[in-house]
Each structure stands twice: as C-alpha cells, then as structure tokens.
Amino acid sequence: MPRTRTLLIAGLGNILHRDDAFGIEVAGRLRRLLAGEPGVRIVDYGIAGISLVQDLMDGYDGLVIADAVDRGGLPGTLYWLRPRSDGLTFPPDFTAETHYLGPTRVLLLAAALKVLPAYVRILGCQPEIVDELGLGLTPPVARAVAQAVPVLADWARRWVSDPAVPEPVFGSPLPAGKGQTGFRG
C-alpha cells in the first residue's frame with residue numbers, strides 16, 4: 001500500500017479587510033469537506049503566519065496557502081502559483097514579527113529554518129476590496145471561494161496518495177463584467 005503523503009492547507013488573511021478573508025473562508029469550507037481525510041490538515045491562520053511556520057516544523061510533504069493576492073486581474077480571478085524557492089533571500093528590513101507574517105515572509109522563514117516542504121503552492125484570489133475596513137467578501141470573491149473549494153478538496157484527496165496527480169484547474173477567465181472567476185498560473 002502506498003504511503004499517504006501529508007498536506008497542510010493554510011488559510012491566511014484578515015476578516016476585517018473584506019476580500020482579504022478569502023483564505024480564511026476557503027480554509028473554513030475545506031475543513032468541513034475534508035474532516036477526517038487522512039493526510040490532509042486544514043488550518044485558518046488568519047494573520048498569524050508565525051503559527052504556520054511553527055506547524056511546518058511538524059513536517060509536511062506539501063503546503064498550499066490560500067490567500068488574497070493582487071496580480072492586477074479581474075476581481076475573483078483565481079491563481080495557482082508556484083513560488084520560486086531558488087534564491088530566497090531576506091530583505092534588509094526583514095523581521096520575524098510574532099503577530100503578522102504574510103505569505104512571502106512565511107516562506108522565507110520556513111526555508112531558512114529548513115521546514116519548507118518540497119511541494120508549495122499558493123491558491124490566490126484577486127481581491128476587489130482589501131484596503132478598507134469591513135466584513136464580508138465582495139460578490140466576485142465569494143464566487144471564487146465557491147468555485148475553488150470543491151476543486152481544491154478533490155485535488156487534495158488525490159494528492160496525498162498519488163504523486164502523479166495533476167495540478168488543479170479552476171477554469172478560464174471570462175470577459176469583464178461576467179462576474180466569473182478564472183485561473184492563471
């Protein structure tokens with residue numbers, strides 16, 4: 001019987017900044033769908049990236065971070081990103097704050113501590129609103145969550161036991177104004 005790999009799915013974000021809660025919402029829904037799934041752990045880290053680094057010390061084969069990412073796309077566009085692990089260097093102003101580490105600093109610190117898994121991906125979503133206080137996702141980002149969760153859940157179930165499972169595909173972007181989400185890698 002093949003060994004079950006271990007996968008940590010980390011939801012990052014701030015629920016007080018509207019679409020920045022994308023990762024938190026994804027983690028919450030995935031936790032309900034994948035409860036008891038062998039090899040898969042889902043955690044809502046919120047803005048406590050340092051806790052994610054601490055959990056990586058337990059040793060995982062893979063890490064998926066769900067978070068809002070601004071890549072200049074249409075609000076609600078989904079991105080399956082592969083962070084570059086070569087040449088990770090600390091910026092001169094790097095500090096490992098105990099309260100907030102965003103995805104870049106999480107990856108830098110985990111790499112420096114040699115706890116970063118070999119397989120790392122970011123499920124990002126283009127936000128519409130993150131710079132103002134408020135609760136609730138905007139409609140395009142809420143639709144992106146609804147689209148991303150079942151695809152990611154299905155992929156995670158297969159990934160832990162099959163090293164050849166293909167990367168998830170979330171669909172194609174539609175023209176502006178259609179209110180749909182898409183994937184760009």
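Along the sequence shown, the residues carry numbers beginning at 1. Not measured: the values here are computed from a predicted model.
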Looking only at non-hydrogen atoms, find the nearest pair between Gly124 and Val69 and report the distance. CA-CG2, 3.5 Å
Should Leu152 and Leu137 be counted in the same cluster of Ile, Leu, Val, Met, Phe, Trp and Tyr side chains packed under 4.5 Å apart? yes
What about Leu12 and Ile129, same hydrophobic cluster or not, with Ile/Leu/Val/Met/Phe/Trp/Tyr joined at side-chain heavy-atom distances under 4.5 Å? no
Hey, mind stepping through Trp159 and Asp61 against side chain to side chain contact (heavy atoms under 4.5 Å, CB included) and telling me if it holds? CA-CA 10 Å; Trp159 186 88; Asp61 298 304; 3.9 Å; yes
With hydrophobic residues grouped by side-chain heavy-atom distances under 4.5 Å, do Val141 and Trp80 end up in a single group? yes
For Cys125 and Gly76, the nearest pair of non-hydrogen atoms, with its separation, is SG-CA, 3.8 Å
Step by step, would you call Phe22 with Leu123 a side chain to side chain contact (heavy atoms under 4.5 Å, CB included)? CA-CA 10 Å; Phe22 169 79; Leu123 170 60; 4.2 Å; yes
I'd like to know if the side chain of Arg18 reaches the main chain of Asp131, judged simply by a donor and an acceptor atom lying under 3.5 Å from each other, with no hydrogens or angles considered. no
Donor-acceptor pair, distance only, cut-off 3.5 Å: does the side chain of Glu128 make one with the backbone of Thr138? no
Quick check: closest heavy atoms across Ile42 and Leu30, and the distance to 0.1 Å? CD1-O, 3.9 Å
Between Arg158 and Pro166 the two heavy atoms that sit nearest each other are NH1-CD, 4.2 Å
Salt-bridge test for Arg82 and Glu167: reply yes if a basic N is under 4.0 Å from a carboxylate O, no otherwise. no
If I compare all heavy atoms of Gly59 with all of Thr6, which pair ends up nearest, and what's the gap? O-OG1, 3.9 Å
Taking a hydrophobic cluster as the set of Ile, Leu, Val, Met, Phe, Trp and Tyr residues connected by side-chain heavy atoms closer than 4.5 Å, whether directly or through intermediates, do Tyr45 and Leu113 fall within one such cluster? yes
Are Tyr60 and Arg41 linked by a side-chain donor-acceptor pair shorter than 3.5 Å? yes
Does a side-chain heavy-atom distance below 4.5 Å link Pro83 with Ile122? yes
Please walk me through it: do Leu52 and Val43 pass side chain to side chain contact (heavy atoms under 4.5 Å, CB included)? CA-CA 9 Å; Leu52 169 53; Val43 180; over 6 Å; no
When you measure from the side chain of Asp20 to the backbone of Asn14, do you find a donor-acceptor pair of N or O atoms at a distance under 3.5 Å? yes
Assigning hydrophobic clusters by single linkage (Ile, Leu, Val, Met, Phe, Trp, Tyr; side-chain heavy-atom cutoff under 4.5 Å), is Trp155 placed with Leu34? yes
Asp44 vs Arg31, side chain to side chain contact (heavy atoms under 4.5 Å, CB included): CA-CA, chis, key distance, verdict: CA-CA 9 Å; Asp44 163 8; Arg31 204 170 27 253; 4.0 Å; yes
Is the shortest heavy-atom distance from the side chain of Leu133 to the side chain of His17 under 4.5 Å? yes
Shortest non-hydrogen contact from Val40 to Ile9? CG1-CD1, 4.2 Å
Tell me whether the count of non-hydrogen atoms from other residues, nucleotides or ligands lying under 6.0 Å of CG in Leu33 goes above 12. yes
